[in-house]
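Encoded as structure tokens, the structure appears first; notes follow it.
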Amino acid sequence: MLRYLIRRLLAAAAILLVITVITFVIFYALPSDPALLACGKTCSPSRLEEIRHSLGLDQTFVTQFWEFFKGLFLGRDFGDQSVRVHCGAPCLGVSFQTDTPVLTTLLQDFPADLSLGLGAAVVFLILGVGLGTVAAVRRGRAADKAAVGLALVGVSVQIYFIGLLLLFLFVDKWQILPAAGYTPFTQDPAAWFQGLVLPWTTLVIVYLALYTRLTRSSMLEVFAEDYMRTARAKGLSAGTVVLKHGLRAAITPIITIFGMDVGSLIGGSAVITESVFGINGIGKLAVDSVQNSDLPVILGTTLFAATFVVLANVVVDVVYGLVDPRVRLA
């Protein structure tokens with residue numbers, strides 16, 4: 001298992017390196033000039049060259065990429081002799097717009113994404129697997145039709161529609177909850193929970209449909225297997241047959257999708273939800289950095305999100321062996 005994990009981590013590092021190169025190439029081909037954006041409207045040619053030199057934009061693509069890659073392990077210094085900004089390892093660069101180390105900005109916004117993504121993921125996983133299992137056991141009955149109908153509704157709606165509707169009902173009309181937003185848990189746990197109830201609910205409604213349908217289809221496939229009929233013939237209880245033998249075998253594809261969803265949500269993919277509810281997370285930071293042509297922040301958010309997705313896949317592979325004995329045997 002240790003050798004397998006080492007191989008997977010090395011492969012993950014190679015993937016992240018490729019993502020870094022691709023992001024660099026895409027940005028390098030853009031027609032916009034970050035130095036001109038940082039300089040402002042009234043900018044002289046000499047001042048523009050000074051900014052371009054201080055940002056390292058007057059260097060070749062290979063040199064810029066090497067400086068970035070080296071900074072991940074050794075740190076970097078930015079600016080000229082009069083104004084020097086040190087970025088400690090692992091250095092993802094310094095923002096062109098704020099002169100702040102990218103990693104510092106990411107770590108400031110990360111708790112919001114962690115709270116939003118992980119909290120919603122736990123709820124939609126439990127509810128989705130539960131509803132999907134009930135629908136499979138009660139196939140063709142009222143419970144099955146209700147679960148399938150609920151999943152169809154979840155697939156049909158969009159995050160911005162559900163989010164705005166919940167804000168209108170629970171904040172503006174009924175005034176049950178305060179305006180949504182993120183408050184650090186260490187600062188005020190009650191405000192943290194109240195501010196995330198509606199964003200969690202929005203993500204749960206959207207993702208619940210996927211996990212309900214996926215669990216139902218996987219369980220129905222497992223129910224048709226010979227060993228399931230053998231378990232019933234042995235006189236095992238219905239709960240043991242469904243949960244111990246059925247769900248354990250059917251949960252493998254669910255774990256795969258769940259790992260990818262959790263990695264992407266924590267990495268900032270819930271950008272629409274963040275925008276609707278006014279949460280300053282990594283997703284919103286990524287959108288702002290693209291609009292401002294802020295290469296270090298673009299690279300930082302991209303690598304941050306990719307890291308979580310890749311690591312989530314590694315964790316999923318390890319969980320396979322714990323959940324399904326057939327994986328260990330293979």
Side-chain angles (χ1 to χ4, degrees), residues 112-171 177 180 193 195-224 242-243 246-277 279 281 283 305 308-309 312-313 315-316 319-320 323:
D113 287 278
L114 182 63
S115 300
L116 176 63
L118 194 59
V122 171
V123 177
F124 66 62
L125 175 66
I126 295 175
L127 293 180
V129 172
L131 288 175
T133 302
V134 171
V137 173
R138 302 291 182 178
R139 182 181 183 182
R141 302 180 184 179
D144 181 25
K145 295 179 181 179
V148 173
L150 180 62
L152 181 61
V153 172
V155 171
S156 302
V157 298
Q158 298 295 324
I159 291 178
Y160 53 82
F161 172 77
I162 292 294
L164 293 176
L165 180 62
L166 292 176
L167 282 174
F168 171 73
L169 293 177
F170 290 91
V171 177
L177 294 171
F193 179 79
L196 289 173
V197 167
L198 295 183
W200 282 339
T201 305
T202 302
L203 290 175
V204 167
I205 292 175
V206 174
Y207 281 88
L208 180 62
L210 169 64
Y211 286 87
T212 300
R213 298 174 63 184
L214 181 60
T215 303
R216 180 181 182 274
S217 61
S218 298
M219 290 293 289
L220 290 177
E221 290 180 4
V222 171
F223 285 163
V242 172
L243 299 179
L247 184 58
R248 188 174 183 181
I251 205 170
T252 302
I254 302 172
I255 293 175
T256 302
I257 302 299
F258 181 70
M260 295 172 57
D261 286 340
V262 170
S264 60
L265 284 174
I266 294 178
S269 68
V271 57
I272 299 179
T273 306
E274 294 175 7
S275 300
V276 170
F277 293 100
I279 298 175
F308 275 98
V309 173
N313 280 274
V315 173
V316 164
V319 173
Y320 279 167
V323 174

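Closest heavy-atom contact between Y211 and Y207: CD1-O, 3.2 Å. Here the shortest heavy-atom pairing between I266 and D113 reads O-CB, 3.4 Å. Looking at every heavy atom in both residues, L243 comes nearest to L247 through O-CB, 3.5 Å. Scanning all heavy atoms of the two residues, the minimum distance from M219 to A250 falls at SD-CB, 3.7 Å. Scanning both residues, T212 and A147, for their nearest heavy atoms gives CG2-O, 4.0 Å. Considering all non-hydrogen atoms of both residues, L214 and P253 come closest at CD2-O, 4.0 Å.
Checked against side chain to side chain contact (heavy atoms under 4.5 Å, CB included), T273 has the following partners two or more places apart in sequence or in another chain: L116, I159, P199, L203, A270, F277. Every residue meeting the side chain to side chain contact (heavy atoms under 4.5 Å, CB included) condition with L210, not counting sequence neighbours, appears here in chain and number order: I257, D261. Evaluation of the side chain to side chain contact (heavy atoms under 4.5 Å, CB included) rule for V315 yields V319 as partners, not counting sequence neighbours. Looking at residues two or more places apart in sequence or on another chain, you find no ring-ring contact (aromatic ring centres under 6.0 Å, His included) involving F161. Remark: F308 pairs with F110, F304 by the ring-ring contact (aromatic ring centres under 6.0 Å, His included) rule, at least two apart or across chains.
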Run the side-chain donor-acceptor check on residues 123-140: report pairs under 3.5 Å with partners two or more places apart or on a different chain.
| from | atom 1 | to | atom 2 | distance (Å) |
| --- | --- | --- | --- | --- |
| T133 | OG1 | V129 | O | 2.7 |

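Within the 4.5 Å cutoff, no side-chain heavy atoms of V276 are placed close to those of T202.
The OG1 atom of T215 sits 10.5 Å away from atom CG of L220, with the distance rounded to the nearest 0.5 Å. Atom CG of L165 sits about 10.5 Å away from atom CG of L198, to the nearest 0.5 Å.
Each of V153, I162, L150 was compared with I205 under the side chain to side chain contact (heavy atoms under 4.5 Å, CB included) criterion, and only I162 meets it.
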Pair F170-T201, side chain to side chain contact (heavy atoms under 4.5 Å, CB included): steps then yes or no: CA-CA 12 Å; F170 290 91; T201 305; over 6 Å; no
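Judged purely by atom type and a 3.5 angstrom limit, W200 uses its side chain to pair as donor or acceptor with the backbone of S115.
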